[in-house]
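The structure appears below as structure tokens.
Nothing here was measured: the structure is a model prediction, and the numbers come from that model.
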Amino acid sequence: QVRLEESGGGTVESGGSLRLSCAASGYNGGRACMAWFRAFRRAPAKTRELIAGIDPDGRTSYGDSVKGRFTISRGNGNTLLYLQMNRLESEHSAMYYCALNTHVACIPSDSNGMDYWGKGTLVTISE
């Protein structure tokens with residue numbers, strides 16, 4: 001059974017940085033889309049906002065609110081996903097979720113298509 005576990009959330013002052021990690025267990029690290037989404041409350045998976053995604057070929061995509069601030073990357077045979085978050089502001093406070101889509105024609109920005117979700121990690125930006 002595939003399981004995603006996020007870590008790295010916390011409280012940081014405005015202008016600071018955080019690095020989120022997502023570890024995938026029960027997954028063989030094959031071709032897949034992985035992404036970070038966020039929600040401001042306990043929202044259903046389909047309504048979560050894309051923060052950053054990466055497709056099987058390594059192409060990345062970002063939500064408009066985080067372009068130039070956040071960077072998504074993978075590691076360890078695609079079983080680790082990272083989100084480097086810089087120049088954080090209060091608007092970035094949210095629950096951040098890791099997601100995985102193992103279909104061949106996956107689209108990393110498509111929350112509806114994600115097969116697996118983590119439970120989320122909370123990011124709070126203090127003024």
Over all atoms of both residues, closest heavy-atom pair of [X] and [Y]:
X	Y	result
M114	I107	CE-O, 4.2 Å
L20	G9	CD2-N, 3.6 Å
P108	L50	O-CD1, 3.9 Å

Transitive ILVMFWY side-chain link [X] to [Y], under 4.5 Å:
X	Y	answer
I54	W36	yes
Y116	Y27	yes
V123	L4	yes

4.5 Å side-chain heavy-atom contact, [X] and [Y]:
X	Y	value
L83	T71	no
F70	N86	no
M34	P56	no
S14	S126	no
Y62	I72	yes
C22	E5	no
M85	Y96	yes
V12	T124	no

If I take atom [atom1] from residue [X] and atom [atom2] from residue [Y], how far apart are they, to the nearest 0.5 angstrom?
X	Y	atom1	atom2	value
L88	I125	CG	CD1	4.0 Å
S21	E6	OG	CD	10.5 Å
N76	L81	CG	CG	12.0 Å
I51	K67	CD1	NZ	12.0 Å
T121	M95	OG1	CE	7.5 Å
R74	T60	CZ	OG1	10.0 Å

Margin query: Would you say E127 and S90 are linked by a side-chain donor-acceptor pair, where the criterion is simply a distance under 3.5 Å?
Written below: yes
Check: Do the charged groups of R87 and E89 touch, with an N to O distance under 4.0 Å?
Finding: no
Notebook entry, point to check: Any Lys/Arg nitrogen of D55 or R31 sitting under 4.0 Å from an Asp/Glu carboxylate oxygen of the other?
Noted result: no
Notebook entry, point to check: Distance under 6.0 Å and angle within 45° of the ring axis: does R19 meet both against Y82?
Noted result: yes
Notebook entry, point to check: What is the ring orientation for W117 with Y97, classed by angle as parallel under 30°, tilted 30 to 60°, or perpendicular over 60°?
Noted result: perpendicular
Check: Can you list the residues that meet the side-chain hydrogen bond (donor to acceptor under 3.5 Å, both in side chains) rule with D115, with sequence neighbours excluded?
Finding: T102, H103
Item checked: Over 12 non-hydrogen atoms of neighbours within 6.0 angstrom of CG in L80 -> yes
